[in-house]
**Student:** 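Encoded as structure tokens, here's the structure I'll be asking about.
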Amino acid sequence: MKEPILRFAPSPNGRLHLGHALSALVTWQAAEIFGGTTLLRIEDIDITRCKPEFTEAIFEDLNWLGLSWPEPVLIQSERFEIYAEAANRLRQRDLIYPCYCSRSDIASKAEDTDPDGAPIYPRTCKHLSNQERIERLERGDPVQFRLHTDRAVEEAGMLTFTVIGPTLSDRPQIRYARPQRWGDVVLQRKDIGTSYHLSVVVDDAAQNVTHITRGRDMEAATDIHVLLQMLLGFSTPIYHFHRLLLGDDGQKLAKSKNSKTLADLRSEGWTADDVRRAVGF
Ligand code: GLU
Ligand code: ZN
């Protein structure tokens with residue numbers, strides 16, 4: 001059997017908080033249980049929101065928690081060409097199409113919402129004629145590329161994946177993926193030419209990741225990842241979805257809500273063990 005490889009993949013768009021600590025600790029614990037290694041990956045494709053100082057801070061916070069990883073760390077912002085190649089493979093098979101809609105175009109026409117509550121793309125540009133596509137390309141209109149999800153699902157056939165949970169010692173279960181509930185997702189954004197979904201799938205394969213631990217808030221999005229893995233000829237890792245830390249308001253702890261960062265807690269005198277205990281370790 002292959003040696004298990006896991007990954008912790010934070011985005012450096014702010015300082016880490018307790019929710020990240022929980023996620024990291026679950027990942028390193030899973031690596032220990034499965035007898036594998038955890039890699040670190042910096043998910044900084046969103047170059048307007050991510051900052052190098054936050055990447056440095058991630059290293060510092062994880063070290064402080066006593067976690068370690070092999071070098072080199074994979075940095076997504078160095079890999080835009082690789083993501084573009086993967087998208088081109090899908091383009092050659094006519095599995096993605098250009099879309100020129102703005103957020104408000106979509107919001108005004110959408111009839112359904114996806115599992116995250118965002119409007120499902122009403123497929124306005126799916127049927128643009130070649131003539132229109134050429135004209136818009138020549139005009140240089142900002143373009144994003146979307147997955148022909150129905151076509152892709154048809155091509156991929158039955159989509160199943162293995163989930164371990166709710167605890168890491170539970171017996172693996174087979175689950176069906178239903179990517180259709182996301183509609184025609186964007187794989188190449190207008191601003192950065194890639195997307196979270198595309199980059200994460202390409203890099204999990206590039207790093208030979210065998211087991212993915214992530215929060216339950218990412219459970220539904222995994223359906224898209226399983227579809228992309230199938231289309232791109234990658235193997236599908238085993239997944240574990242961990243609990244989320246909730247704030248006092250019962251909502252997920254989010255950086256945007258100013259929950260205290262690990263750095264804040266550290267300067268208030270917390271130790272790494274205090275953090276472990278606070279998140280249930
Ligand atoms: N980069 C994502 C985040 O910080 C998670 C990565 C993943 O599990 O795919 O939420
Ligand atoms: Zn469109």
**Student:** Is a salt bridge present between D150 and K126, judged by a nitrogen-to-oxygen distance below 4.0 Å?
**Tutor:**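 No, D150 and K126 are not salt-bridged.
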**Student:** Do the side-chain N and O atoms of T48 and D46 include a donor-acceptor pair separated by under 3.5 angstrom?
**Tutor:**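 The criterion, which ignores hydrogens and geometry beyond distance, is satisfied for D46 and T48.
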**Student:** Which pairs would a plain distance check flag for residues 69-76, meaning a side-chain donor or acceptor within less than 3.5 Å of a matching protein atom at least two apart in sequence or in another chain?
**Tutor:**
unit_1: W69; atom_1: NE1; unit_2: E71; atom_2: OE2; d: 3.4
unit_1: Q76; atom_1: NE2; unit_2: E43; atom_2: OE2; d: 3.4
unit_1: Q76; atom_1: NE2; unit_2: D203; atom_2: OD2; d: 2.8

**Student:** Return yes if some donor-acceptor pair links the side-chain N/O of R146 with the main-chain N/O of C125 below 3.5 Å, else return no.
**Tutor:**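 Judged by distance alone, no pair lies under 3.5 Å.
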**Student:** Could you report the tightest heavy-atom contact between Y196 and R214, atom names first, then the distance?
**Tutor:**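 Closest approach of Y196 to R214: OH-NH2, 3.4 Å.
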**Student:** Check whether any side-chain heavy atom of T27 sits under 4.5 Å from a side-chain heavy atom of L67, and report yes or no.
**Tutor:**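 Of all side-chain heavy-atom pairs linking L67 with T27, none is under 4.5 Å.
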**Student:** Would a distance-only check, ignoring hydrogens and angles, find a side-chain to backbone donor-acceptor pair under 3.5 Å from R133 to P98?
**Tutor:**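 No: the side chain of R133 does not pair with the backbone of P98.
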**Student:** Do S11 and R49 get their side chains close enough for a donor-acceptor pair, meaning under 3.5 Å?
**Tutor:**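 No, no side-chain donor-acceptor contact under 3.5 Å.
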**Student:** Would you tell me whether N88 and R91 have side-chain atoms, one donor and one acceptor, within less than 3.5 Å of each other?
**Tutor:**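 Yes, because at least one side-chain N or O of N88 sits under 3.5 Å from a partner of the opposite role on R91.
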**Student:** Do NZ/NE/NH1/NH2 and the carboxylate oxygens of R15 and D264 come within less than 4.0 Å?
**Tutor:**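 A salt bridge is absent here (no side-chain N lies under 4.0 Å from a carboxylate O).
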**Student:** Judged by modelled atom types alone, do Q207 and R7 share a side-chain donor-acceptor pair under 3.5 Å?
**Tutor:**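 Judged by distance alone, the side chains do not pair up.
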**Student:** Can you name the closest pair of heavy atoms from T194 and I45 and give their distance?
**Tutor:**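 Closest pair (atom of T194, atom of I45, distance): CG2-CG2, 4.0 Å.
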**Student:** Can you pull the side chain to side chain donor-acceptor pair (under 3.5 Å) pairs that have at least one residue in residues 111-120, sequence neighbours excluded?
**Tutor:**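 Checked against side chain to side chain donor-acceptor pair (under 3.5 Å) - neighbours excluded - no pair reaches residues 111-120.
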**Student:** Is a side-chain donor or acceptor of N63 paired with a backbone partner of E60 at a separation under 3.5 angstrom?
**Tutor:**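 Side chain of N63 to backbone of E60, a donor-acceptor pair under 3.5 Å: no, none is there.
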**Student:** Applying the side-chain contact (heavy atoms from CB on, under 4.5 Å) test to F145, which of V186, I96, L198 qualifies?
**Tutor:**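 By the side-chain contact (heavy atoms from CB on, under 4.5 Å) criterion, F145 pairs with just one of V186, I96, L198: I96.
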**Student:** Over 60° means perpendicular and under 30° means parallel, so tell me whether Y83 and F80 are parallel, tilted or perpendicular.
**Tutor:**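 Y83 and F80: perpendicular rings.
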**Student:** Are any non-hydrogen side-chain atoms of Y121 and T149 less than 4.5 angstrom apart?
**Tutor:**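 In short, these two side chains do not touch, never coming nearer than 4.5 Å.
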